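Everything below concerns the one structure shown next.
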Amino acid sequence: MQGRSLPFRVATLVTGLLECLGFAGVLFGWTSLVFVFKKQHYFEELCELDAGSLGNATGLDECRARDERFSLIFTLASFTINFMTFPTGYIFDRFKTTVARLIAIFLYTSATLTIAFTSADSAVLLFLAMPMLAVGGIQFLITNLQIGNLFGKHRSTIITMYNGAFDSSSAVFLIIKLLYEQGVTIKASFLFISVCSAWHVGRTLLLMPRGHIPYPLPANYRYGLCSRDSPPEEDKKVAESEKLELQSKEFLSPKKETPGQQQAPGSFWSHTFSRRFAWHVVWLSVIQLWHYLFIGTLNSLLNNLASRDSALVSTYTNAFAVTQFFGVLCAPWNGLLMDRLKHKYQEEAKRTGAVAKAAALRSVVPSLTLTSLLSLGFAVCASIPVLPLQYATFILQVVSRSFLYGCNAAFLTLAFPSEHFGKLFGLVMALSAVVSLLQFPLFTLIKGPLQNDPLYVNLMLVLLTLLTFIHPFLVNRECQRKESPREVA
């Protein structure tokens, strides 16, 4: 049975990876798309050029009002992609995979068709299209993450690989930009993406479950084409028993705990107002704000550093988009690191009699610290106004971002009860989305009062990035306290 279903599961894995790689996170290739939109004269009517700038192409690149409009569109879309994680996650939990994916396909296709038929005269429709594209894309990712449950011990690696593919999909807008430079219209490119919705529908009906993929996986689990052969009630009972057995093995101390010693999971609000959750929100929000501000303002930054040289801006825009593609290769290393450390610390816990759950949580501390360190390096490089140094900035940005969301999911999984995971995940993303709204006023501050000099804003954000090291320090100290002999006795 297992052997016959393996090719089907591999097909689900590979097609899910292609879906995330080609569609889910295309929004973050915004810099490449802005380059094309400017060539298409989007929002050009906002530019108030003086007589000396008329007929000068560089005058259009200096248009502050147009740059702010593009920044506002990205701010709104990036806010939506995070803030809507909670309601889209609820739809996925409540109405299951098929309904959630059909809604995602509708939103995504509506967005791509809107962009395809948008022109310079109707550019305001981008305010509607880009958030729909963002929400449809994140729903693709959410419904695909459960595929990791099909592969047992490789679950964390697959989940982080899918998150990496989500990051890498920003390269799709680079392809659209390169095709545009070869004479392919933006309308043709987005119509092709719209036609691909037929593939999404086919995959939804044939290669994805109608409900959820359980974890641990029942022995005779079937889904998609084989779903008629799956005994759902029996599978549910087996899944529950295996889940209880797995939890007892992973999270109980090697010293047998009596019912009186086991702690109750606690209410959702008790975890929400905990110090652990608050510092995690700070950690995610600060790092994410840096990434969103950088992506949303990169075109303007490159124009300033390249002295309005359009060819040079295009070269660096392409370089940035190419580095984004490598997110799918960087992210799985984070999952491998966490899986290896989790196994190591839990083995140590068995020998010392420490609390195994604290040992498991400790495994995510190096990844949290490494993500903060990479983000600090990215922030420092981005703050130095030297054009060739931006290559290093691009590399650090894609590596730190590919680690960021995998660490977020892993920490919430290990630090809080599983029955609250969906709500806490949605809440942390929503709160970080509210913080991400600061990117637009920061961009306006740079363009206005600071007269295009981002030095003070960058210094402030670098100092805020230093605060993110507090989170892994506190988590590590808490784990060491729980693993100490005094706590276990």
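What you are looking at is a predicted structure, and each value in this text was computed from that prediction instead of being measured.
No donor-acceptor distance shorter than 3.5 angstrom exists from the side chain of S71 to the backbone of E68, with no hydrogens or angles considered. Of the possible polar contacts, none joining the D67 side chain to the S300 backbone as a donor-acceptor pair under 3.5 Å is found. Between the side chain of Y162 and the backbone N or O of L13, at least one donor-acceptor pair lies under 3.5 Å. A donor-acceptor contact shorter than 3.5 Å links the side chain of T31 to the backbone of I295. With hydrogens and angles disregarded, no donor-acceptor distance shorter than 3.5 Å links the side chain of S285 to the backbone of V282. In terms of modelled atom types and a separation under 3.5 Å, the side chain of T393 and the main chain of F378 share no donor-acceptor contact. Within the 3.5 Å criterion, the main-chain N or O of H212 finds no donor-acceptor partner in the side chain of Q146. Here the side chain of E181 pairs no donor or acceptor atom with the backbone of L178 at under 3.5 angstrom. The backbone N or O of V328 sits less than 3.5 Å from a side-chain atom of S168, completing a donor-acceptor pair. Side-chain atoms of T109 never come within 3.5 Å of backbone atoms of S194 as a donor-acceptor pair (strictly under, hydrogens ignored).
Heavy-atom minimum distance, A111 versus A129: CB-O, 3.3 Å. Taking both residues in full, the closest heavy atoms of C381 and A392 are given as SG-CB, 4.5 Å, listed atom of the first, atom of the second, then distance. Considering all non-hydrogen atoms of both residues, K96 and G211 come closest at CB-CA, 3.6 Å. Contact between T85 and T88 at its shortest, heavy atoms only, is O-OG1, 3.1 Å. Here the closest heavy-atom approach between residue A321 and residue A171 is recorded as O-CB, 3.8 Å. In plain terms, the two heavy atoms of L27 and A134 that are nearest each other are CD2-CB, 3.9 Å.
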For T97 and F92, run side chain to side chain contact (heavy atoms under 4.5 Å, CB included): C-alpha distance rounded to whole Å, both residues' side-chain angles, the deciding distance at 0.1 Å, then the answer. CA-CA 6 Å; T97 301; F92 177 53; 3.4 Å; yes
Decide yes or no on side-chain hydrogen bond (donor to acceptor under 3.5 Å, both in side chains) for N303 and N299, but give the supporting numbers first. CA-CA 6 Å; N303 271 295; N299 182 266; 3.2 Å; yes
Audit row: W283, C407, side chain to side chain contact (heavy atoms under 4.5 Å, CB included) steps and yes/no: CA-CA 11 Å; W283 179 84; C407 284; 3.7 Å; yes
Could you walk me through whether S310 and K39 pass side chain to side chain contact (heavy atoms under 4.5 Å, CB included), step by step? CA-CA 10 Å; S310 181; K39 294 292 184 182; 3.3 Å; yes
Does F416 form a side chain to side chain contact (heavy atoms under 4.5 Å, CB included) with R276? I'd like the steps, not just the answer. CA-CA 10 Å; F416 302 101; R276 180 191 288 183; 3.8 Å; yes
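Here the CZ atom belonging to F151 is positioned 9.0 Å from the CD1 atom belonging to I213, to the nearest 0.5 angstrom. One finds the OG atom of S436 at 13.0 Å from the NE2 atom of H291 (value rounded to the nearest 0.5 Å). Atoms CG and OG1, on N144 and T15 in that order, are 7.5 Å from each other to the nearest 0.5 Å. Separation of atoms CZ (F86) and CG (L424) is listed at 9.5 Å; rounding is to 0.5 Å. For the atom pair Q439 CD and L76 CG, the distance stands at 10.0 Å (nearest 0.5 Å). For the atom pair M132 CE and L126 CG, the distance stands at 10.5 Å (nearest 0.5 Å).
In this structure, F294 and L301 have side chains that are in contact, with non-hydrogen atoms separated by less than 4.5 Å. Residues T114 and T118 meet the side-chain proximity criterion, which asks for heavy atoms closer than 4.5 Å. Between I186 and F37 there is a side-chain heavy-atom pair separated by less than 4.5 Å. The shortest distance between side-chain heavy atoms of F74 and F440 does not fall below 4.5 Å. Annotation: side chain of W290 is not in contact with side chain of T468 (no heavy-atom distance under 4.5 Å). Within the 4.5 Å cutoff, the side chain of F23 has heavy atoms near those of the I193 side chain. Counting only heavy atoms from C-beta outward, the side chains of L442 and T297 never approach each other to under 4.5 Å. Side-chain atoms of L191 and T112, non-hydrogen and from C-beta on, never get closer than 4.5 Å to each other.
Counted within 6.0 Å of CZ on F43, heavy atoms from surrounding residues, nucleotides or ligands total more than 12; the atom is thus considered enclosed. Other residues, nucleotides and ligands contribute only 12 or fewer heavy atoms inside 6.0 Å of the CH2 atom of W333. The 12-atom threshold is not exceeded at CZ of F106, counting heavy atoms of other residues, nucleotides or ligands nearer than 6.0 Å. Heavy atoms of other residues, nucleotides or ligands lying less than 6.0 angstrom from CZ of F325 number 12 at most.
Checked options L437, L284, T465, L438; the residue passing with L289 is L438 (criterion: side-chain contact (heavy atoms from CB on, under 4.5 Å)).
Ring planes of Y223 and Y221: parallel class, angle under 30° (limits at 30 and 60°). The aromatic rings of H471 and H280 are tilted relative to each other, their planes meeting at an angle between 30° and 60°.
Salt-bridge formation is detected for the pair E19/R203: a Lys NZ or Arg NE/NH1/NH2 atom is positioned less than 4.0 Å from an Asp or Glu carboxylate oxygen.
Between F190 and F117, a ring centre-to-centre spacing not shorter than 6.0 Å is recorded. In this structure, Y292 has its ring center closer than 6.0 angstrom to the ring center of F28.
Using modelled atom types, one finds a donor on one side chain and an acceptor on the other under 3.5 Å when comparing N334 with S367.
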